[in-house]
Amino acid sequence: MQLTLEGSAPYLHLIGRRLRRLGWDVRHTAGTAPCAVLDGRRLALGQSGVPFGCQAEAAVAARWLEPGEAMGFFLLAEGTPSSLTGWQPLLDALAPARGMWLCCGPASSALFVGRVLELFSYACGPAVFPQGATPDSLQAMQADPWRLLQTQQGLLPPLAACARAYLARHPLPPSSANPVSLPPAPGHAHFAQALAAFLLTLLEPLTGAPTHEASANSGTQGR
């Protein structure tokens with residue numbers, strides 16, 4: 001089975017070397033946007049948090065770093081369940097282990113999840129070892145990541161806005177009007193949507209914005 005990697009993005013060479021280590025027959029061709037082609041089907045390959053440049057039946061994003069060639073990449077996939085099933089052997093090969101990749105939901109879901117992860121990275125990175133921290137305080141912060149995030153108040157509004165914008169494109173069904181008190185588990189039918197609802201449940205009381213439930217109700221009353 002021969003896989004073709006199209007495009008000139010530097011990370012395609014990392015992907016190719018990873019797959020060849022696992023016995024895949026991979027060739028590279030020129031193209032305007034990075035994607036994988038297998039049996040006439042196309043899978044967009046993008047950077048985490050950046051819009052995909054290739055129109056395809058499914059897509060996967062990652063931070064394509066050098067260690068991933070040997071260890072595997074943290075993959076954020078999007079597409080219909082049937083389209084992703086067709087790409088499962090490739091996703092399993094690129095991931096650290098079989099099945100260790102995240103299905104985010106339909107189109108644009110991987111972009112949303114990637115941006116959320118980037119915001120969390122920026123928010124929590126400077127706070128991991130704050131000035132004057134003690135071993136006890138660091139242990140307490142690691143046991144409560146939400147407390148860690150609250151130390152970076154400036155990034156809470158952008159995080160809430162990102163979640164609110166995703167729910168505007170992918171509204172929750174009426175049966176999901178109650179606050180979401182737990183984060184979604186991998187395997188959720190629409191992980192990105194559930195993640196957005198969970199984030200707003202946590203963030204909107206802190207940012208002073210109306211809750212997403214109240215916003216949905218006001219929109220309904222105005223019809």
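Follow the hydrophobic side-chain contacts under 4.5 Å out from Leu172 and you reach Leu200 in the same cluster. No path of Ile, Leu, Val, Met, Phe, Trp and Tyr side chains, each step under 4.5 Å between heavy atoms, connects Leu111 with Leu84, placing them in separate hydrophobic clusters. Connection of Leu94 to Leu65 is not established within any shared hydrophobic cluster, with ILVMFWY side chains joined at heavy-atom distances below 4.5 Å, either directly or through further cluster members. Under the 4.5 Å side-chain heavy-atom criterion for Ile, Leu, Val, Met, Phe, Trp and Tyr, Trp101 and Phe52 are members of distinct hydrophobic clusters. Note on Leu119: it clusters hydrophobically with Leu102, by side-chain heavy-atom contacts below 4.5 Å among ILVMFWY residues.
Across Glu78 and Ala107, no two heavy atoms sit closer than the pair OE2-CA, 3.5 Å. Considering every non-hydrogen atom in both Leu75 and Ala95, the closest pair reads CD1-N, 3.9 Å. Scanning all heavy atoms of the two residues, the minimum distance from Pro89 to Trp24 falls at O-CZ2, 3.7 Å. The two residues Trp87 and Ala58 come nearest to each other via the heavy atoms CD1-CB, 4.2 Å. Taking both residues in full, the closest heavy atoms of Ala93 and Leu19 are given as CB-CD2, 3.7 Å, listed atom of the first, atom of the second, then distance. The two atoms that bring Gly99 and Asp92 nearest to each other are N-OD1, 2.9 Å, heavy atoms only.
Classification of the Tyr166-Phe112 ring pair by plane angle, with boundaries at 30° and 60°, yields parallel. Between Trp64 and Tyr11, the ring planes are parallel. Angles under 30° get that label, and only those over 60° would be called perpendicular.
The only member of Val37, Thr4, Leu5 that meets side chain to side chain contact (heavy atoms under 4.5 Å, CB included) when paired with Arg27 is Thr4. Among the candidates Leu3, Leu45, Val26, the single residue satisfying the side chain to side chain contact (heavy atoms under 4.5 Å, CB included) test with Ile15 is Leu45.
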May I have the step-by-step check of side chain to side chain contact (heavy atoms under 4.5 Å, CB included) for Glu66 and Met71, ending in yes or no?
CA-CA 9 Å; Glu66 290 282 350; Met71 301 174 60; over 6 Å; no
Checking side chain to side chain contact (heavy atoms under 4.5 Å, CB included) for the pair Val60/Leu91: CA distance, chi angles, key distance, verdict?
CA-CA 8 Å; Val60 63; Leu91 297 175; 3.9 Å; yes
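At a threshold of 4.0 Å, the pair Arg41-Glu57 counts as salt-bridged, since one of the basic side-chain nitrogens sits closer than that to a carboxylate oxygen. The residues Glu69 and Arg18 are annotated as not salt-bridged, no charged nitrogen and carboxylate oxygen being separated by less than 4.0 angstrom.
Residues Phe74 and Leu117 form a side-chain contact, since some pair of their non-hydrogen atoms from C-beta on lies under 4.5 Å apart. Looking at Leu43 and Leu38, their side chains never come closer than 4.5 Å, going by heavy atoms from C-beta outward.
In this structure, the separation between NE2 on His28 and NE2 on His13 is 6.0 Å, given to the nearest 0.5 Å. The line from CZ of Arg164 to CG of Leu159 is 10.0 Å long, rounded to the nearest 0.5 Å. The structure places OG of Ser83 at 12.0 Å from CD of Gln88, a figure rounded to the nearest 0.5 Å.
Ser109 and His170 share no side-chain donor-acceptor pair at under 3.5 Å. With no hydrogens or angles considered, no side-chain donor-acceptor pair links Ser48 and Arg63 at under 3.5 Å. Residues Ser82 and Thr85 bring no donor and acceptor atom of their side chains to less than 3.5 Å of each other.
For Gln2, the CD atom counts as densely surrounded, since its 6.0 Å shell holds more than 12 non-hydrogen atoms of other residues, nucleotides or ligands.
No donor-acceptor pair closer than 3.5 Å links the side chain of Glu6 to the backbone N or O of Pro34.
Between Phe198 and His188, the gap from one ring centroid to the other reaches at least 6.0 Å.
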